[in-house]
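Start at 1 and go down the list; that is how both ligands and their atoms are numbered. The chain is numbered in sequence order, starting from 1.
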Amino acid sequence: MTQTITVIRGDGIGPEIMDATLFVLDALNTGLTYEYADAGLAALEKHGELIPASTLESITKNKVALKSPLTTPVGGGFSSINVALRRQFDLYANVRPAISFPNTKSRYENIDMITVRENTEGAYLAEGQEVSADGETAFSGTRITRKGSERIVRYAFELAKSTGRKKVTAVHKANIIKSTSGLFLDVAREVAAKYPEIEFQEMIVDNACMQLVMRPEQFDIIVTTNLFGDIISDLCAGLVGGLGLAPGANIGADVAIFEAVHGTAPDIAGQGKANPVALMLGAAQMLDHVGQPENAERLRKAIVATMEAKDSLTGDLGGTGTTMGFAKAIASRI
Ligand code: NAD
């Protein structure tokens, strides 16, 4: 049976990098079929809403989506579409690999790690945000649950098991924030005990940041709460050469959405200058997820080989190539 995935072409550079990504997926003969759905500005113009019901239905039915970046219009009471999708499908795990590629301006080579960020609780609560009437004091809460911590840490260990990774580091601040970060760490220890074959390490977040900058090769999988994960995953993207190479997956119990970490890059949209690799790497995560790890590996290897040869690289990587030219160079190596 062929598997259908929902494809959201997105806004700004979205359609360009999606065309480039589907081009390399075609070269892989994945057998996947695509159901196109609108979201973001494109959907607002066509359907009068940012996420039409038909898009949610498509994702619910297909359970897997590949998504380009979306514009959330500023003001007008619009809340982030990405946050809305995360809530709608309870996409609790944000999984962001950071892998070194040749010929980037990054400081390190041989980095190969994954940040697993809890995506639904922690410090990112919509409710309970307060500023006092005189504007002098502000308050926001953090909620950590045993269930939320358990499922994210379990996800990290299962990911280690299924990908042959050897170590999981739980990043926390339990020495100071004893209640919430303390609960997360307690649960992480309990879950880790069930995976004796995988090394477990605990690290306080400030030290983790220093270690990441000084000795990043010591990390394999990092699992952490929402706010720390947000910051650390961007730090890791910076270690391997920036946003043009950073993919992310948002995974729930039923649905998973794969994307590039960067936004719609309105400054270069429509010019064929965008680097499509971040979305292609998101597609590689998707191939792993749908049971095509060999194709995922072929795609990653073709990207590495193309970058090694400096063939048709886009401007952000120091080349003069176009989005589609880069995709064709990658596809020719598949
Ligand atoms: P951005 O990531 O779009 O752009 C930041 C800088 O990086 C720009 O100079 C841009 O040209 C460059 N850049 C980004 N992706 C690139 C690529 N693939 N190749 C080459 N250069 C690239 O961030 P921003 O400017 O803060 O946001 C622009 C819009 O994107 C906003 O509307 C924001 O809401 C949206 N956004 C969407 C998502 C998403 O849908 N996942 C994520 C972040 C931002």
Exercise check, heavy-atom protein proximity under 4.0 Å to [atom]:
{"atom": "atom 26 (O) of ligand 1", "value": "no"}
{"atom": "atom 43 (C) of ligand 1", "value": "yes"}
{"atom": "atom 17 (C) of ligand 1", "value": "yes"}

Taking the non-hydrogen atoms of Pro266, is any one of them nearer than 4.0 angstrom to ligand 1?
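For ligand 1, residue contact (heavy atoms, under 4.0 Å) with Pro266 is present.
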Can Asp11 be said to touch ligand 1, with heavy atoms closer than 4.0 Å?
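No, Asp11 has no heavy atoms under 4.0 Å from ligand 1.
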Please check whether [X] reaches ligand 1 - meaning an N/O of the residue sits under 3.5 Å from an N/O of the ligand, judged on distance alone.
{"X": "Ile268", "result": "no"}
{"X": "Ser68", "result": "no"}
{"X": "Asp267", "result": "yes"}
{"X": "Gly244", "result": "no"}
{"X": "Thr71", "result": "no"}
{"X": "Lys273", "result": "no"}

Between Thr120 and Glu118: side-chain donor-acceptor atoms closer than 3.5 Å:
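Indeed, the side chains of Thr120 and Glu118 share at least one donor-acceptor pair under 3.5 Å.
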Check this for me, if you would: do Glu297 and Arg300 make a salt bridge, where the nitrogen-to-carboxylate-oxygen distance has to be below 4.0 angstrom?
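Salt bridge flag = yes for Arg300 with Glu297.
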Using a strict cut-off of less than 4.0 Å between a Lys/Arg side-chain nitrogen and an Asp/Glu carboxylate oxygen, indicate whether Arg146 and Glu190 qualify as a salt bridge.
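Looking at Arg146 and Glu190, the cut-off is met.
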Among protein heavy atoms, which lies nearest [atom], and at what distance?
{"atom": "atom 29 (C) of ligand 1", "value": "Thr264 OG1, 3.1 Å"}
{"atom": "atom 41 (N) of ligand 1", "value": "Asn82 ND2, 3.4 Å"}
{"atom": "atom 34 (O) of ligand 1", "value": "Thr72 N, 4.1 Å"}
{"atom": "atom 7 (O) of ligand 1", "value": "Leu243 CD1, 4.7 Å"}
{"atom": "atom 36 (N) of ligand 1", "value": "Gly263 CA, 3.5 Å"}
{"atom": "atom 13 (N) of ligand 1", "value": "Ala265 CB, 3.9 Å"}

Non-neighbouring partners of Asp234 that pass salt bridge (charged side-chain N to carboxylate O under 4.0 Å, His left out), sequence neighbours left out
Arg96
Please tabulate, for the side chains in residues 257-264, all donor-acceptor contacts under 3.5 angstrom to protein atoms that are two or more places apart in sequence or on a different chain.
| from | atom 1 | to | atom 2 | distance (Å) |
| --- | --- | --- | --- | --- |
| Glu259 | OE1 | Lys67 | NZ | 2.6 |
| Glu259 | OE2 | Asn250 | ND2 | 2.9 |

Using 0.5 Å steps for rounding, measure from the CG atom of Asn175 to the CG atom of Leu185.
9.5 Å
For atom 35 (C) of ligand 1, the option (of Leu41, Val277, Leu70) bearing the nearest heavy atom:
Leu70
Donor-acceptor check, side chain of Asp11 to backbone of Ala42, threshold 3.5 angstrom: yes or no?
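Yes; at least one donor-acceptor contact below 3.5 Å.
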